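Note sheet for the following structure.
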Protein chains: 2
Amino acid sequence: MSDKPTTIKEIAKLLNISVSTVSRALNDHSSIGLITKMRVKKLAQELNYEPNQRAIQFLQGKSHTIGVILPELSESFFSAAITGIEDIAYKRNYTVLLAQSHDDADREKLLVEKMKTQRVDGLLISVAKTTSTYEHFEALKKLNIPIVFFDRIPPIKNIHFVASNLETGTFEAVNFLLKKGHRTIGMINGPATLIACAERKNGYVRAMTSQRLKFDPSLVMSCDLSESGTIEAMETLLNHKRKPTAIVTFNDYVALFAMRYARNLGLKINEDLDFVSYANLPIINYMDHTPIASVEQFPYKQGKKAANILLDLLNKPKSESGAEQAYFNIVVESELIIGADK
Amino acid sequence: MSDKPTTIKEIAKLLNISVSTVSRALNDHSSIGLITKMRVKKLAQELNYEPNQRAIQFLQGKSHTIGVILPELSESFFSAAITGIEDIAYKRNYTVLLAQSHDDADREKLLVEKMKTQRVDGLLISVAKTTSTYEHFEALKKLNIPIVFFDRIPPIKNIHFVASNLETGTFEAVNFLLKKGHRTIGMINGPATLIACAERKNGYVRAMTSQRLKFDPSLVMSCDLSESGTIEAMETLLNHKRKPTAIVTFNDYVALFAMRYARNLGLKINEDLDFVSYANLPIINYMDHTPIASVEQFPYKQGKKAANILLDLLNKPKSESGAEQAYFNIVVESELIIGADK
DNA sequence: GTTTATTGCGCAAACGGTTGTGTTTAATTT
DNA sequence: AAATTAAACACAACCGTTTGCGCAATAAAC
């Protein structure tokens, strides 16, 4: 039938009234008579009129769209996060422009530029692992396009961000093991360069010392997160003079490698050796051998939180020119989930 | 510094020339003198001018944006698919508007409406499980907004779609088992309502008959895909007078349930009983007991394919009014991957 | 019966670009 | 020197919608 969408002009012409009247009638403006309103609305209905959002966005200088740049959607952490983001955006009548950096700093930079020329109202981003310069973010700031950083936070000042604190969850995890009677607890941590590793270690130390136990650094192994790296760490730990009876692993992948290795040695998982991990894999619940507990980072919740902050920023009354801007630095506490295995 | 983005008008005013000259200068139009071009470009650079895409989109009636509606990003099939879609869109300079239906038909309908008012140039969609009416798609068609359906195809005529054919992969899977010496092969299929189930069954039947083996319908179980349903199916199969030596499961979840059940009975996985499944879970590679082979559906590839088709449709010369429109019905053959376990 | 509100609607500008059609100036041709 | 032409730029319309302002008609007030 119709080729192009109906416009307000056509309605005006058909009714022999002006476009402004049609516009106001459709928006229930008080200065339009009831009869006219009715006529306009009836015709609009018949013609399947829908306002051209692009035109409105252009006119108002607002796109009602937020950009989201994530490293990799196939990582379940991020796909859970985008779901949270999208749910909030949908609820608050915003639209989501999605892009993935694939952990490539250059591509990320291009994507940020693109978001700028697309005139998104705000940006939500988890930066690529390789990103080391941050001027492209400054450009957005100058245009008053707010950015909320998310999970992977760049080391720059005066930014909004939402991140999880793994220290708390780790503390709970180690504490849980201690309460269960363990006294020698190993940890397979990640490469020292990651901030997240320090958080894990801090939680470990705090839990141990809070129980007046001495912290033994040789029980915390660093690991490149590969299977061979995990096995090495396991070998060291299991040959330790104080052989651990429980192990906290950096993530579910490491946990799987470690458990497999332990099983091959004839150890019974969660009998001879207890495992606690960090939740990245939804599938872990379906598996045969799972950690007895898991530190949950709530990516869905974090996504929702970040999106809400961004949308709040977009809708807050204009910051008075003199006033200091407040920055949202939200830390979502991680939490120990016991018996994640169904 | 600057509050609003630089516009072409400001440049014009600063240089005392008209906006049209600025526009043409920036676009290297032939009718603009070299000196003027240089002056304009230099100033544009200094002011960080970037054309307002929203304005251009509005003017040209094209948004250079495609809408993507998927049921659930946390399903790895879809997160892989969106990655393929996004990669192609990025490469071809399109932008992706993302939304999830959460398998809710009503929400999906609203999302389709929203895509329409947002004036996306085209739509890519995998319909919700509960979707049973299809008028909302017709509305887009009337506006010449092409739709490419993807993976979950609605039963309507004259549409473009990309889907995988599980018949092929299943044929290969069963054939593989037959070549391995198996003669009694069980299948735990899904609910009969799904088209995908028929494809699986057909592949199974074709493989058996192609080897001149009789097809025994009682070896193909229907199942609701839950753990208890899987167990029931396993009980029936293992108590069958012709006890299967290999089992093809509907998906990786069912495989996990089935393997767990078998192990609890003391059966050795892939020794006493071989398993073949369909790849949905990337994580399966990390696990201890995995199927010996897996039917891959290439969601990433499917996503790329679907996106390419949609963008081709958008960029093809206008269909002559008289000409019959051709519909893309692309079937991506599934494929058996042997030894998926690392 | 004139003035004053009130109601109902139209006019036109604006958002930021693109593009077809003048218009001016200078160079070239004859 | 007059006529033609090409080069370089300006003018203005346009995309669809909103919105401030003005204007007419009717009703109310005195």
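Proteins come first, then strands; the chains are lettered A, B, ... in the order of their sequence lines, and each starts at number 1. What you are looking at is a predicted structure, and each value in this text was computed from that prediction instead of being measured.
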Handout entry: CD-CG distance between B:Q118 and A:N52, expressed to the nearest 0.5 angstrom
Key =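 Taking CD in B:Q118 and CG in A:N52, the distance rounds to 9.5 Å.
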
Handout entry: From CG (B:L110) to CD (B:E108), nearest 0.5 Å
Key =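 Nearest 0.5 Å value for the CG-CD distance: 10.5 Å.
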
Practice task
Under 4.0 Å between any heavy atoms, over every strand shown, what does B:G33 touch: base, sugar-phosphate, or nothing? Just pick one.
Solution key: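 Sugar-phosphate contact only.
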
Practice task
Decide if atom NZ of A:K116 counts as having more than 12 heavy atoms of other residues, nucleotides or ligands within a radius under 6.0 Å.
Solution key: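 Yes - once you tally the heavy atoms of other residues, nucleotides and ligands closer than 6.0 Å, there are more than 12.
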
Problem - Enclosure of A:I195 CD1 (heavy-atom neighbours >12, cutoff 6.0 Å) - result: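 At most 12 heavy atoms, drawn from other residues, nucleotides or ligands, come within 6.0 Å of this atom.
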
Rounded off to whole Å, could you give me the [atom1]-to-[atom2] distance for the [X] and [N] pair?
X: A:K13; N: C:dC9; atom1: NZ; atom2: P; result: 20 Å
X: B:K37; N: D:dA7; atom1: NZ; atom2: P; result: 12 Å
X: A:N27; N: D:dG16; atom1: CG; atom2: C1'; result: 13 Å
X: A:I11; N: D:dT18; atom1: CD1; atom2: P; result: 11 Å
X: A:R54; N: D:dC14; atom1: CZ; atom2: P; result: 24 Å
X: B:M38; N: D:dC9; atom1: CE; atom2: P; result: 13 Å
X: A:L34; N: C:dG8; atom1: CG; atom2: C1'; result: 12 Å
X: A:D28; N: C:dG8; atom1: CG; atom2: P; result: 13 Å

Handout entry: Partner residues of B:F78 under the ring-ring contact (aromatic ring centres under 6.0 Å, His included) criterion, sequence neighbours left out
Key =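 Residues passing ring-ring contact (aromatic ring centres under 6.0 Å, His included) with B:F78: none at all.
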
Practice task
Decide whether B:Q100 and A:T83 meet the rule of one side-chain donor and one side-chain acceptor closer than 3.5 Å.
Solution key: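 Checked: B:Q100/A:T83 side chains pair up, N/O donor to acceptor below 3.5 Å.
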
Exercise for the section: Between protein and nucleotides 10-16 of chain C, map the contacts as a letter string: B base, S sugar-phosphate only, - none, heavy atoms under 4.0 Å, written 5' to 3'. Expected result: BBB-BBB

